[in-house]
Amino acid sequence: MAKILNIGSLNLDYVYAVPHFVEAGETLLASRRDVFAGGKGLNQTVAAARAGAEVCHGGAVGADGDMLLDLLRDAGADVSAVARVDVPTGHAVIQVTPQGENAILILGGANRAVSPETVGIALEKVGPGDILLLQNEINGLDHIIRRAAQKGLRILFNPAPMEKAVKDLPLELLDTLIVNEGEGKALAGDMDALKAAYPNQKILLTQGRRGASLWTGSEVLFQPAFPVEAVDTTAAGDCFLGYYAAALAEGLPYAAALRLAAGASALSVQRQGAAPSIPVRGEVEAFLKGTY
Ligand code: RIB
């Protein structure tokens with residue numbers, strides 16, 4: 001079984017229950033606030049670990065990051081490549097509506113202070129053929145992608161949150177580019193242009209409540225989302241990607257990996273919070289068998 005390294009963000013999520021997203025000039029009363037572990041990186045590591053993968057997390061937290069490290073350890077992840085830096089831990093302010101929709105504001109904090117030394121320590125944990133998961137919430141991605149490619153890692157990159165600088169990254173070194181429709185559009189205009197721009201990459205398009213499509217180069221696979229009642233969609237995409245990576249690490253075929261990932265994310269949207277909403281493998285298997 002291949003190992004997974006995820007060099008990614010770790011956030012404290014401040015989650016506010018609101019009747020609707022706050023509008024410009026409006027002061028809005030939230031009915032509650034919860035603090036959860038989150039960050040796209042941490043969520044994906046937790047998902048991969050709960051799926052049963054051997055996973056190491058690389059990144060950085062400040063003095064206030066213990067809760068995040070404890071959660072990663074409890075999930076079974078190796079946190080020895082997470083540095084403690086003199087910058088507050090990254091955080092997110094998340095509004096969640098009664099329909100389960102979210103709007104997220106993030107401050108990078110320690111996630112923007114990931115040093116080349118920390119990256120070097122993290123990359124020592126894996127070897128050729130292993131999987132590297134990346135998102136766009138940390139600094140140093142150009143360096144990380146180039147070093148990981150030299151090392152023969154299979155790089156799965158999810159450029160979220162999208163920004164212009166993503167286009168300048170060496171995306172041609174990726175194994176798989178993972179985008180939602182907005183990110184795909186921002187990168188290339190439309191899916192055909194995206195596929196033409198990155199002809200040697202697999203492209204995984206996540207389509208929220210519709211499902212996900214994977215272009216492997218030789219075939220196109222579509223996995224519909226399972227119809228469930230969502231209470232909070234935060235981290236549903238991260239849960240999907242962590243499970244997908246874990247399934248690939250196990251050697252499952254793409255179709256089976258997509259189905260497992262869709263099952264995991266269907267369970268996660270029925271629970272509150274980011275990392276706490278991510279199910280364990282047994283729950284996902286039961287859901288897929290109809291016995292959950
Ligand atoms: O994808 C959800 C995550 O995005 C949240 O946990 C938040 O921290 C932001 O990184």
Side-chain angles (χ1 to χ4, degrees), residues 6-18 21 33-50 57-62 64-65 67-72 75 77 82 87-97 100-114 133-139 141 156-163 166 178-183 204-209 212 225 230-245 261-262 264-279:
N6 185 1
I7 309 183
S9 59
L10 304 107
N11 285 343
L12 292 162
D13 284 358
Y14 298 94
V15 181
Y16 297 83
V18 291
F21 297 143
R33 188 198 79 166
D34 295 289
V35 184
F36 294 121
K40 294 185 195 307
L42 177 146
N43 298 336
Q44 292 179 23
T45 289
V46 168
R50 289 188 184 157
H57 194 95
V61 291
D64 52 348
M67 166 190 167
L68 306 182
L69 297 180
D70 289 346
L71 185 125
L72 283 172
V82 178
V87 180
T89 298
H91 78 264
V93 174
I94 305 181
Q95 301 175 56
V96 178
T97 67
E101 301 290 339
N102 65 62
I104 304 180
L105 174 72
I106 58 173
L107 182 74
N111 296 314
R112 310 300 305 177
V114 178
L133 269 178
L134 293 174
Q135 317 77 32
N136 190 34
E137 289 186 340
I138 58 165
N139 62 299
L141 285 172
L156 277 57
F157 176 49
N158 171 214
M162 177 54 83
E163 56 178 348
V166 167
I178 301 158
V179 290
N180 64 22
E181 276 152 325
E183 291 152 2
L204 175 54
L205 175 69
T206 56
Q207 298 163 288
R209 61 186 63 174
V231 298
D232 183 355
T233 56
T234 310
D238 301 331
C239 177
F240 185 99
L241 297 185
Y243 260 85
Y244 178 73
S265 97
L267 288 180
S268 83
V269 299
Q270 296 177 72
R271 301 170 183 175
Q272 303 281 352
S277 73
I278 295 169

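We use all heavy atoms of the structure for the numbers below, so side chains are in, but hydrogens, waters and symmetry mates are not. Indexing begins at 1, ligand by ligand and atom by atom, following the structure's order.
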Distance-only donor-acceptor hits, side chain of residues 106-114, under 3.5 Å, sequence neighbours excluded:
{"from": "N111", "atom 1": "OD1", "to": "L10", "atom 2": "N", "distance (Å)": "2.8"}
{"from": "N111", "atom 1": "ND2", "to": "L10", "atom 2": "O", "distance (Å)": "3.4"}
{"from": "N111", "atom 1": "ND2", "to": "N11", "atom 2": "OD1", "distance (Å)": "2.8"}
{"from": "N111", "atom 1": "ND2", "to": "G108", "atom 2": "O", "distance (Å)": "3.2"}
{"from": "R112", "atom 1": "NH1", "to": "I138", "atom 2": "O", "distance (Å)": "3.3"}

Exercise for review: Scan L134, T206, L205 and name whichever one has a side-chain contact (heavy atoms from CB on, under 4.5 Å) with I178.
Suggested key: T206

Exercise for review: Say whether, by atom type as modelled, one donor and one acceptor occur between the side chain of D34 and the main chain of V15 under 3.5 angstrom.
Suggested key: no

**Study point:** Donor-acceptor side-chain pairing of Q95 and N102 below 3.5 angstrom
**Key:**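 Looking only at side-chain atoms, N102 and Q95 do not form any donor-acceptor pair under 3.5 Å.
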
Check your understanding: Can you tell me if T89 and D64 form a side-chain donor-acceptor pair at under 3.5 Å?
Key -> yes

Exercise for review: Mind checking the CD-NE2 spacing from Q44 to H57? Nearest 0.5 Å is all I need.
Suggested key: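 Answer for the CD-NE2 pair, Q44 versus H57, is 9.5 Å.
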
Show me the short polar-atom pairs for ligand 1: any N or O of it lying under 3.5 Å from a protein N or O, with distances only.
{"from": "ligand 1", "atom 1": "1 (O)", "to": "K40", "atom 2": "NZ", "distance (Å)": "2.9"}
{"from": "ligand 1", "atom 1": "1 (O)", "to": "D238", "atom 2": "OD2", "distance (Å)": "2.7"}
{"from": "ligand 1", "atom 1": "4 (O)", "to": "K40", "atom 2": "NZ", "distance (Å)": "3.1"}
{"from": "ligand 1", "atom 1": "6 (O)", "to": "D13", "atom 2": "OD2", "distance (Å)": "2.6"}
{"from": "ligand 1", "atom 1": "6 (O)", "to": "G39", "atom 2": "N", "distance (Å)": "3.0"}
{"from": "ligand 1", "atom 1": "6 (O)", "to": "N43", "atom 2": "ND2", "distance (Å)": "3.1"}
{"from": "ligand 1", "atom 1": "8 (O)", "to": "N11", "atom 2": "ND2", "distance (Å)": "3.0"}
{"from": "ligand 1", "atom 1": "8 (O)", "to": "D13", "atom 2": "OD1", "distance (Å)": "2.6"}
{"from": "ligand 1", "atom 1": "8 (O)", "to": "G39", "atom 2": "N", "distance (Å)": "2.9"}
{"from": "ligand 1", "atom 1": "10 (O)", "to": "N11", "atom 2": "ND2", "distance (Å)": "3.2"}
{"from": "ligand 1", "atom 1": "10 (O)", "to": "K40", "atom 2": "N", "distance (Å)": "3.4"}
{"from": "ligand 1", "atom 1": "10 (O)", "to": "E137", "atom 2": "OE1", "distance (Å)": "3.0"}
{"from": "ligand 1", "atom 1": "10 (O)", "to": "E137", "atom 2": "OE2", "distance (Å)": "2.7"}

